Amino acid sequence: MSKNSARMPGRHFLHIPGPTPVPDRILRAIDTPLIDHRGPEFAKLARRCLDGLKTIFKTTNPVIIYTATGTGAWEAAFVNTLSPGDKVLIVETGQFGLQWANMARRLGLEPDVIKTDWRTGADPAVIEAKLKEDKAHAIKAVCVLHNETATGCLSPIAEIRKAIDRASHPALFFVDTISSLASTDFRHDEWGVDVTVGGSQKGLMLPPGMSFNAVSDKALAAAKTSKLPKSFFSWDDMLNMNKQGFFPYTPATNMLQGMAVAIDMLHEEGLDNVFARHHRLAEGTRRAVKTWGLETICRDPKYYSPTVTAVLMPEGHDGDAFRALALEHFNISYGASFGPFAGKMFRIGHLGDCNEATMIGALGATEMALRLAGVPIRSGGTQAAMDYFVSAHSAGANAAAE
Ligand SMILES: Cc1ncc(COP(=O)(O)O)c(C=O)c1O
């Protein structure tokens with residue numbers, strides 16, 4: 001139908017698991033006249049962002065801001081703390097775990113990869129056993145993705161910290177929160193994470209292009225002896241300049257204008273409310289998928305992701321063809337598929353600036369597209385999500401009235 005028209009009416013339903021839709025208030029903040037990045041107004045803005053980010057990562061230590069995508073912050077975590085030939089233990093929960101391990105290899109590190117079937121999160125017991133075997137303490141860092149965006153599986157970071165402690169292993173603990181930060185609870189200090197990697201384009205509701213390292217004292221100490229080459233990503237230069245509210249190079253000033261507002265918005269809603277909203281939207285989405293009679297890639301409820309649901313297509317139905325059809329007819333985008341699930345799944349993002357109404361629009365479009373594509377589903381998935389949202393809100397309203 002829309003094949004012949006040059007314009008897609010209505011707004012685009014951007015349901016990839018990041019970049020996520022940027023709220024108008026943030027777009028307006030970015031759309032402001034440029035300021036001098038060495039002047040006093042900038043220093044004030046930088047301090048708002050640098051201090052504000054600490055409240056999002058839940059740390060009292062510095063958070064470093066890079067003008068780079070999340071991949072840059074991955075690299076920064078490695079090059080600032082490790083030396084050539086160091087062994088790193090990486091859990092391959094999916095495509096992003098795989099890519100992080102590939103990066104380690106390219107940088108001259110030795111990744112020891114814990115493989116999964118890409119349908120669960122990282123298992124603390126497996127990490128503990130690996131670390132206990134490593135009597136010589138050759139492993140210098142343990143790397144885990146809090147949320148594996150490629151599969152929709154969330155890993156238990158606090159439990160993994162405990163597992164590392166039970167093994168009495170001195171390895172650094174690196175956590176990728178690119179698709180979990182500001183969407184589900186994360187506590188850099190309390191959970192004993194040494195480097196937390198984050199990105200701008202998901203829960204923070206900003207465009208892509210900025211990424212972060214939250215660092216522990218232990219990571220800062222490791223930086224003093226690390227021998228991997230570093231220049232742009234050097235923490236030292238950043239931390240020295242950040243103390244005065246400046247950067248060692250020209251920062252993305254207008255992205256920082258947006259970031260200051262994004263942090264305000266998250267606190268206006270309240271972080272706990274932000275997390276509860278993401279859990280609600282995820283649960284509604286899973287109820288729709290289940291009612292349709294489809295399977296999620298994540299096969300164990302204890303690892304369900306609050307930010308993305310990956311849906312397995314039934315045999316004989318191609319996930320990429322389905323995504324193309326849904327885009328063409330209903331103006332909605334889903335996340336692509338990777339690795340063993342290439343062509344076999346599509347991923348529904350439910351993170352960032354979205355609410356129940358947005359999700360009902362997205363799930364309604366998905367249900368229509370599945371029917372149009374001839375995928376054998378039971379109807380009623382969108383209704384199941386609506387029923388769940390109504391019951392969750394009435395439970396909330398009743399609790400508030402008591
Ligand atoms: C969990 C995770 N890690 C790393 C990355 C890579 O980040 P970027 O594409 O911003 O470089 C992504 C991208 O989506 C991701 O979801």
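Nothing here was measured: the structure is a model prediction, and the numbers come from that model. Counting starts at 1 for both ligands and their atoms, following the listed order.
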Gln99, portion touching ligand 1 at heavy-atom distance under 4.0 Å:
neither
Can you tell me which residue and heavy atom of the protein come closest to atom 11 (O) of ligand 1, and the distance to 0.1 Å?
Thr71 OG1, 2.5 Å
Mind checking whether Val197 contacts ligand 1 via backbone (N, CA, C, O), side chain (CB onward), both or neither, at a 4.0 Å heavy-atom cut-off?
neither
In terms of the angle between their ring planes, are Trp100 and Trp74 parallel, tilted or perpendicular, with boundaries placed at 30° and 60°?
parallel
Please classify the Lys202 to ligand 1 contact at 4.0 Å (heavy-atom distances, strictly less than): side chain, backbone, both or neither.
side chain
Atom 2 (C) of ligand 1 has as its nearest protein heavy atom Asp176 OD2, 3.5 Å
With a 4.0 Å cut-off on heavy atoms, is Glu148 in contact with ligand 1?
no
Would you find more than 12 non-hydrogen atoms of other residues, nucleotides or ligands less than 6.0 Å from Arg106 atom CZ?
no
Decide whether Asp134 and His169 meet the rule of one side-chain donor and one side-chain acceptor closer than 3.5 Å.
yes
Which atom names give the shortest non-hydrogen contact between Pro248 and Arg38, and what distance separates them?
O-NH2, 4.4 Å
Reported CE-to-OG distance for the pair Met259 and Ser200, which is rounded to 0.5 angstrom:
6.5 Å
Kindly assign one of parallel, tilted or perpendicular to the pair Phe42 and Phe246, based on the angle between their ring planes and the thresholds 30° and 60°.
parallel
CG (Leu181) and CG (Leu266) are apart, to the nearest 0.5 Å, by 8.5 Å
Are Arg11 and Phe13 in a cation-pi setup, meaning NZ or CZ lies under 6.0 angstrom from the ring centre and within 45 degrees of the ring axis?
yes
Is there a polar contact between ligand 1 and Phe96, counting only N or O atoms under 3.5 Å apart?
no
Using a 4.0 Å heavy-atom threshold (strictly under), name the region of Thr69 that reaches ligand 1: side chain, backbone, both or neither.
both
Once you restrict to heavy atoms under 4.0 Å, what part of Trp74 touches ligand 1? Side chain, backbone, both or neither.
side chain
Checking heavy-atom distances from atom 4 (C) of ligand 1 to each of Thr149, Ile178, Asn147, Thr177, the winner is Ile178
Against heavy atoms of Leu145, which atoms of ligand 1 measure under 4.0 Å?
1 (C)
